[in-house]
Each structure stands twice: as C-alpha cells, then as structure tokens.
Amino acid sequence: MRWGTQAGQGVTPALLTDFILMADSKALPALDEDPVAVEALLRDVFGIVVEEAIRKGTNASEKVCEWKEPEELKQLLDLELRRCGESREQILERCRAVIRYSVKTGHPRFFNQLFSGMDPHALAGRIITESLNTSPYTYEIAPVFVLMEEEVLKQLRALVGWDSGDGVFCPGGSISNMYAVNLARYQRYPDCKQRGLRALPPLALFSSEECHYSIKKGAAFLGLGTDSVRVVKADESGRMIPEDLERQISLAEAEGAVPFLVSATSGTTVLGAFDPLDAIANVCQRHGLWLHVDAAWGGSVLLSRTHRHLLDGIQRVDSVAWNPHKLLTAGLQCSALLLRDTTNLLKRCHGSQASYLFQQDKFYDVALDTGDKVVQCGRRVDCLKLWLMWKAQGGQGLERRVDRAFALARYLVEEIKKREGFELVMEPEFVNVCFWFVPPSLRGKQESPDYMERLSKVAPVLKERMVKEGSMMIGYQPRGGQGNFFRMVVANPAQTRADMDFLLSELERLGQDL
Amino acid sequence: MTLDTISNCQLQCPEWCFHALKKGDSDQEEIVPSKKSAILVDGVVLNGPTTDAKAGEKFVEEACRLIMEEVVLKATDVNEKVCEWRPPEQLKQLVDLELRDKGEPHHRLLELCQDVIHYSVKTNHPRFFNQLYAGLDYYALVARFMTEALNPSIYTYEVSPVFLLVEEAILKKMIEFVGWKEGDGIFNPGGSVSNMYAIHLARYKYFPEIKEKGLSGLPRLIFFTSAECHYSMKKAASFLGIGTENVCFVETDGRGRMIPAELEKQIWQARKQLLDYIKANVFIAREGMALVPCCVPAQPSPDTCFLKRLSFTLQDDVEVIMGAAPFLVCATSGTTVLGAFDPLDEIADICERHDLWLHVDASWGGSALMSRKHRTLLHGIHRKYFWFAYKKSKPERFILIAASCAYAQTCYELKSKVQCSPKVAPAIKERMMKKGSLMLGYQPHRGKVNFFRQVVISPQVSREDMDFLLDEIDLLGKDM
C-alpha cells in the first residue's frame, strides 16, 4: 500500500499517527457497539410504524391526510440538517411527525392515484428487501433475487401467453416504456448504439391521444424528440382507432419519417380504456412495426379469467410494461418489462461488459448476471414483495382481488346512475369510474351555455374541502372539451361497498351548498 | 335492501356469505361473517374486506422479528458467514421459488422468508467488501421501513407533502456541501440515471430544440469523459441517442486521474474537425439562389453559439455538417476501480474556456465532501455548471482509515509464486465465497491482470477486519 496526498507528497509522521489512532480496533461509537440499543430503536420505530402507519393508516375511521400548507409543514417538521445528531426521543418524535403528516395511501378512502392499499405480505417482502440491501446485477451478489426475478418474470410472461422470452424489472412504468422504445430502435437500427441518431433518418412512433405522458417524455429523453410521437385518435370510450393508426403511419412515411414502433395502452390513465390489440397487431404486422403495450395499469387484469379478454391479442405483441404496484398493491415501485424476444436483445442493446462487474472468468455461469440487461448499474430488488404476496395469495387470490375490483366498480356505477346529482362521463370498461358531481344549483341546467364552465369549477372546490377535512382523496381532470370530472379508481383490496357509498355521500355533503 | 339494476342475483343469507368466503381460502384468512346481507355482483360477493387485517399485521410483525434476529443483530458478527454459496441449480431446489395458484399458509411463508434471508449475501457483514456499498445504518434502515409502510409517490405536494419537503431539505444541504448558494436537483433511481440526466440537461441547454425535434439532423454531439469513468457514461450515450462512438475518452495518469492537457487537446481536435469541414465543403444559399462560401473565423473558436447558429442556418439550405459539437465534460470524483479524483479546478478552467457543461460523477466520492479533512479531494466542485451525481439510495458512510479517500480503496495483487497470473484472483474468490468468510471484488484494468479491489465503507468495519482480509487471502492462496 502506498501512502500519499493527492499532490504526490509524502505524509508527515503526525498525520500518519492521526490516522492510525482513528483506525483503532473498535468500530465507530454510538449504536454500533450496543445491540440492546439497536434492538430498542428498531422495536420502538417499528411500534410507531405499526400503530400509526399500518393500523391507523388503513382504518376508515381515521383521516386520509392531515393537510398543512407548505410553510406551516416546514415549521412543524423542522427539516434542517445540522452538524450534531439528535437524541433518541427526538428521532422517535420525528418518525411520528413524518407518518402523521404523510398521506395514507393505504387508507380505504384514498382514491387519488392508480395505486392504493397495503398488502401485508408485500410489505413484509419490502422490509426484508430493505434490510438485505443489495442490487441484483450479479448472481454472486444477489443469488436468491436473481433467480427469483427470473421466476416471477416467467410467471408474468406465461399470463401474457408466452412460454419463453425475456424481461427485467425497471424503476417505474415510464422507464419500462422507454426501454421498449430503445429496444425497438436498436432492433431496427443496431448501428444506433454506436453511431447515435444523427446517422438515422427521422423516426416515428405512434400512440393514442389517451396514452400516458411517459411516451412523450421518453421520446425526448431518448433523443427522438416529442415531435416524433404521432398521436392517433381514440374513440368516445378512449380506445385507439386502428384506422387512424394506419392513416398516421402513411402520413409519417409521406413526410419522410420511418415508423418503427406503436405503443398501445391496456388501461389508459384517465378512462381506463383498453386499445384493441388484435386489430393494432394486424396493422403493425403489415408495416413491420414493433408493438409495445403499456399495460402498466391494466396488465393485472390478465390474472382474471373473467376479464382478461380486454387484453385479447396481447400474446402477439413484442413487449409489455406491467406495474404490479398499481392494481396488485405490491408497493411502489414494481414495474416489469416483458419481451417476447429470445435472441438476448436486452443484453445486446444495453450491454457494455464492464470488466469490474461482469468478469467472464467467474466460477459460475455468468449468463445469470443480469446487469448488462439494464441501463442502470445499482438496481433495486423489486421482485421479492410481489413474489411473497403471490406465495401468500396464490394466483387465485390475486384473481379474486381483480374480480372484486371490477365488481365494486360496477356497483359504484349503478349507484351513480341511481343517485341524483351524479353523472357518468362514460360507461367504464375497467375500474376507473369517471363522473361529475352536479351540485344542487346546477341540476337541470345542462342546456345553459356556461354549464360546463361552471361545472368545471366544482371539482377543485370539493377537492380542497375533502383534503382539508382529511375524509377522502379523489383525483379530477378535464378531458378534451369536457370540464373537470372526478376519476374514481377502485384498486385497494380492503375497499368495501361502504367505501363506495361513502364516496358519493361525502361528495354530496361537501357540495350541498354549491 | 334490493339492487334491481344489478344483473346478478341478490343474497340475504349471512351464513351463505360466510361459507362462500371460507371455501378455498388459505388458513390464514379468517373471515368474520358479516352481519349485513351480502351483495353478489358479477359472481363476486361484495361485503366486508377480503383479508383479515389482524393476520396481516401479525405476519408483518413476525417478518420484522425475523429480520431483527437474522439480519440486523447478526450484521456485526464476524463469526457469521458473509454468504452461503450454492450453485444456481442447487439453490433453485433449496428455495421453493415457484408461484402457484393456491396461497401458502402462514408458517410456510415465514419459512420462505427465512430461506430468502439465509441464502442472500449479507451485504451488512463487516467482511463484505465486494461493491461500492456495504454496511448498515440503523436510522436509515428504520426510515426505509417507514417509507415502505407509507408507500408514497413523490410527484405532487398533494399526495406526498412530507417527502417532497424532506427531499428539498436534503438537496439544499447537499448543494451547500458542494459550495453553491442555490441550485436545483432531484433524487434518481441510481447514479447511472443521474449521469444520464446530466447529459440530457446539458444538451438541452445548448440545443433546446432537441426536446421536440430530437437529434436527427443536429451536428454530431460529442462529450468527453475520463478513460476511468463509470460504464454508465457509455450506456447513457446509447440510451440518449448520442451513440457510443461520440464519447471521447481522455487519458488518465498513473493514478487514474484525467489529464487536463489531454482533455484540452481532444476538445480542440473536435472543433478543428468541424471548422475544417465547413471551410472545405459548406456554402450558404442566399436569396436568388447564389451560393457563397461560408465565412469561417481564421482561428478555431470555442464558440458553441456560432456552431449552433451555423448548423441551423445550413440545415435548410445544404447538407448538414457532420462535424463535431462538444457540449459536456464528465469528470469523476472517486473512480470505480482505483478511487481516483479528477483535478476539478483545472478541468473547470478548460470547460469555462470552451463553454462546456461540466458534470461531476461523484456517485462514489461525493461523500468525501462531508469530511472537512478530506474534501480537498473535490476542490473546484463548486465551479460553474457543475452537477453532482451522488449515491444516497442506500445507507452508507465512509470510514476513513487511510491517508486519503482515494486510499479508502486500495488495489493490490496477491504476490504468489506465479507472478501476476490472471487466474489467481478468480480462484481465490471462488474459495472465499464457498467458505463464506469474505467477499472482495477483482477485475483486470488497463493492461494489468486481475487484481483485488478492497473498499472500506461500513461503519462496522474495524482494523481487525483489515488484518483478517490479508490473513484470509494468504490462507486461501497458500497452495497456489
């Protein structure tokens, strides 16, 4: 070992002594020396987590959120990071504060996003993942997780209808979508990896007007530019129109662009629509285009024998993005990218054979090392939570959950039809129930010229009221010429009929004076 | 209560409801029969939750107890094994990985958890030296448990008020350590993605049209990085559409640090290439279609704006230049193998002269900023346009037991009778893993055959572990 400062000068004896003293045989002080203190800390925090986040956080009689304005919240949390550490009591208080002011996404009345609820087995899996703290880039470092990821992906592919293929877990659906675009581009133009896009003609990809915004973000990030995303019209139910896709492809070709990928959506973000995959696959086949399905939201429907027909044709596609952290409550993040490919496309496209990680002279079969399949280096283990939950529920248990979500959504739709003051935006295919709450003052006034404008103001007001009360959270958005409407999402397996009823009653209560 | 509009039948039989739920469920789901009448919709009984919250809680508690005993409390115990090596085929037999239709009972699930833990590598172990992460910080760990239990997504203040403010506070602190009064930032899923963001931002800064128009038709964007840089720079070049052949690797000195003079040389070369091409080949069309030669400054000029203006003027008229437009330099603070720190001040000078974005990949070495004694290694990091990719996703701290941060990482070859054979390290690695006593990485590097890379991170590591490291390798390689 050589010693020296960066300037290449020798180290003075005094400095050397300093270091040797520091490197005394004991490890650093504080908790590390005291297993009793460690256990006590973990037990205390765990107690707080169970009580406040798990028990109360999923209890309908507790609040969904404890709203505070940002400036006030900053004061309450005392966020400043200082030079000195704090006492154990202070740390425990902080844990309580973080939980108290965080939104309880596991609450039965958290309807705001495409994820909600809390599965205990998935949670246990996540806590184990955190404590084992590793990255699944090599079998050497993460033997169990490398094999487990393989097994889980195999199961997911089987549900798509493939008995072979490839795949990987990505940090979120947006990245999974980006991977698909990158792979399609590489397959069409393998040179692109070395030469970049300037060596290629302008490319074109296609997605419906209802697609997730990650397609556009992805196009910009990958160097294609948002203009390269051609928008295909959707019908009144939000489904891509295959004839318009055909038209857009011709248009792009006429402009001198080269179409290379279509991204269909199974379960759109707002309406929960399912693009007609068979028809789209026909178009792609005719033109030799890669067909990717963004099934981040709707992929879990494949678990239900009753409802999987919504994704008919999915076995014909080239890639699927599927987020179990949404409808399956596996916990953020958990997003799988599945490929039909068996030519090692993932590794060829992303591999760089870093010699310090993927040595070819290892004593086991290095084909198992997954690191070269991804653009990340360190990567989170996202398969354990899904695996453990699946082990606990079985495929049948997960199917029951999906069926139940559909049934609850159906129940809600019928209730909305019966109640005055509620109007469906459309008959849903999935578990997104979109509707307007029409306050008493606007009822019967549909013909009025400013009806939509006035109706549009209702949702934001109700949202503010419900958040400040902490009674529930539901999202709203405009769409096309339609004013703001609520988007109810039925996903939490702990939700009951009572929660559906509550949603409607609470809106009525909060909006009775509007 | 009747629901005529629902197309399926209605039920008024609590006992039926109870039986329907009980049938086919695994034994952990003890459903309490509901007092209300059940509703059947699409063949699904809708009444009460489907899972027993108490049983779920109990499982989480038991999993935590397991973690406490098997992972946390054993983490500092050097008598425990670092890893429990099994070849893949055998491991597939030992851990029942298959996913089936039916769920498993409570006790079996706990056994599975135990297996997963047992056969996983103990990255918390004081003798786990394999990667650029190791060790266990208890406070970070409990915070991670809390984060998982709350399951947030940090996109809006509405859904994630606390975490958004916490992120802001941490980034502000980190920015202070870098030496900036203000700035911006975000947490990413890993250093590779952080590096990608930097490259993407730099190109957007110089060519904002890229966001809509993409790279097709732009001048050839190139960026510079050290020959010792992390491989994510290459991956980034491909992913972002720039292409790996447009990454220029700058030579490093004997200690693994980028040589500033080499960087400067490469930048001039790239610009000259472009300007030569323009002089020789490019004409600008004016109104009335008369072509005139393009005016090029006599001296190569570090004017990116000129290049940008030029390329877009020409785009409509003549074939686009295929010359090079440098836009970014990536320096590394703490290289992956040797732990070298590029001379940031000198590199910053060059970047200022040429108006290039300077990104610092300090994923590994950034934490040295927290040490007043050792932060000089990153001197110059506050200079203009620095960006700072910092690995914070796992609990880690540096323990500095060597003369400088660069030497918290030491590289050495095992001297054996067979001098510098590439076969020594892999053989010893195999032995140490099968024994489970130690884990240490090796790699070939820049013409040198396989050598070990020792990394010290974990606060639980002591001087005795360092002694053990050398003794154990000696022992394992005795017969070689």
Side-chain angles (χ1 to χ4, degrees), chain A residues 1 3 11 23 25 27-28 31 45 49 53 79 81 98 101-103 105 120 124 126 130-134 144 151 155 171 193-197 202 220 222-227 331 352 354-356 361 363 375-378 390-397 403-404 407 410-411 414 494 497, chain B residues 5 41-42 44 46 49 56 59-60 63-64 67 71 97 99 101-104 109 116 119-120 123 138 142 144-145 148-151 153 159 162 169 173 189-190 192 211-216 231 234-235 238-245 337 401 403 410 426 430 443-444 459-460 462-464:
Chain A
M1 266 182 265
W3 298 81
V11 178
S25 48
L28 285 185
L31 277 183
V45 179
V49 168
L79 294 164
L81 295 166
V98 165
Y101 297 111
S102 287
V103 171
T105 64
R126 292 154 75 187
E130 295 301 313
S131 59
L132 289 173
N133 193 39
T134 193
V144 177
E151 178 62 34
Q155 271 301 325
K193 186 174 175 180
Q194 280 100 264
R195 307 197 56 211
L197 282 171
L222 293 164
L224 294 162
T226 53
D227 286 356
S352 74
S355 63
Y356 77 95
D361 53 4
F363 64 102
V375 301
Q376 292 174 280
C377 178
W390 200 313
K391 279 286 193 187
Q393 295 293 324
Q396 281 173 6
D403 288 342
R404 190 186 154 82
R410 182 101 181 270
Y411 167 79
E414 297 305 319
R497 231 177 53 189
Chain B
T5 51
V41 175
D42 288 347
V44 176
L46 282 188
F59 187 82
V60 177
C64 276
I67 291 170
V71 182
L97 291 167
L99 294 169
D101 273 341
K102 293 242 180 318
E104 311 256 8
L109 293 170
V116 168
Y119 294 108
S120 284
T123 64
Y138 305 107
V142 302
R144 292 159 78 176
F145 288 2
E148 295 301 321
L150 288 167
N151 194 38
S153 179
V159 182
V162 175
K173 198 70 190 178
S192 301
K211 187 171 179 182
E212 285 97 50
K213 306 241 177 296
L215 288 171
S216 183
Y231 70 91
K234 266 178 102 177
K235 285 200 175 187
S238 292
F239 199 70
L240 296 168
I242 291 174
T244 53
E245 74 182 15
V337 177
I401 66 165
T410 55
E430 180 174 356
Q443 62 284 301
Q460 282 94 7
S462 68
R463 210 169 68 172
E464 273 139 0

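Proteins get letters first, then strands, A, B, ... in listed order; numbering begins at 1 in each. All values derive from a computational prediction rather than experimental measurement.
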Task: Inter-residue atom distance A/Lys193.NZ - B/Lys235.NZ, 0.5 Å rounding - done: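 NZ of B/Lys235 is found 8.0 Å from NZ of A/Lys193.
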Open item on the list: So, taking the atom named CG in A/Asp227 and the one named CD in B/Glu212, what distance separates them when rounded to the nearest 0.5 Å?
Closed with: 6.0 Å
- [ ] Determine the minimum heavy-atom distance between A/Asp361 and B/Pro426, stating which atoms define it.
- [x] OD2-CG, 3.4 Å
TODO: Over all heavy atoms of both residues, which pair between A/Pro120 and B/Phe59 is shortest? Give the atoms and the distance, please.
DONE: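 Nearest heavy atoms, A/Pro120 then B/Phe59: O-CD2, 4.4 Å.
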Task: Results of salt bridge (charged side-chain N to carboxylate O under 4.0 Å, His left out) for B/Glu245 - residues two or more places apart only - done: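 Applying salt bridge (charged side-chain N to carboxylate O under 4.0 Å, His left out) to B/Glu245 gives A/Arg195.
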Taking the side chain from [X] and the backbone from [Y], do they hold a donor-acceptor pair closer than 3.5 Å?
{"X": "A/Gln155", "Y": "B/Leu99", "result": "yes"}
{"X": "A/Thr105", "Y": "B/Asn151", "result": "yes"}
{"X": "B/Ser192", "Y": "A/Gln376", "result": "no"}
{"X": "A/Ser102", "Y": "B/Val162", "result": "no"}
{"X": "B/Thr123", "Y": "A/Asn133", "result": "yes"}

Task: Most chain B-contacting option - heavy-atom pairs closer than 4.5 Å, from A/Pro202, A/Ala53, A/Gly394 - done: A/Gly394
Open item on the list: I'd like to verify something: which residue of A/Leu197, A/Asp403, A/Val49 has the highest number of heavy-atom pairs under 4.5 Å with chain B?
Closed with: A/Leu197
Task: Per-residue contact mode, B/Leu150 against chain A (heavy atom under 4.5 angstrom) - done: both
Task: Under 4.5 Å from any heavy atom of chain A - which part of B/Val71 - done: side chain
Open item on the list: Is A/Val375 close to chain B through its backbone or its side chain, or both, or neither, when contacts mean heavy atoms under 4.5 Å?
Closed with: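 Both the backbone and the side chain of A/Val375 come within 4.5 Å of chain B.
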TODO: Let me know if A/Leu224 has heavy atoms under 4.5 Å from chain B in its side chain, its backbone, both or neither.
DONE: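 Just the backbone, heavy atoms under 4.5 Å.
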- [ ] Step through the shown structure and confirm whether more than 12 heavy atoms of other residues, nucleotides or ligands are within 6.0 Å of NZ on A/Lys391.
- [x] yes
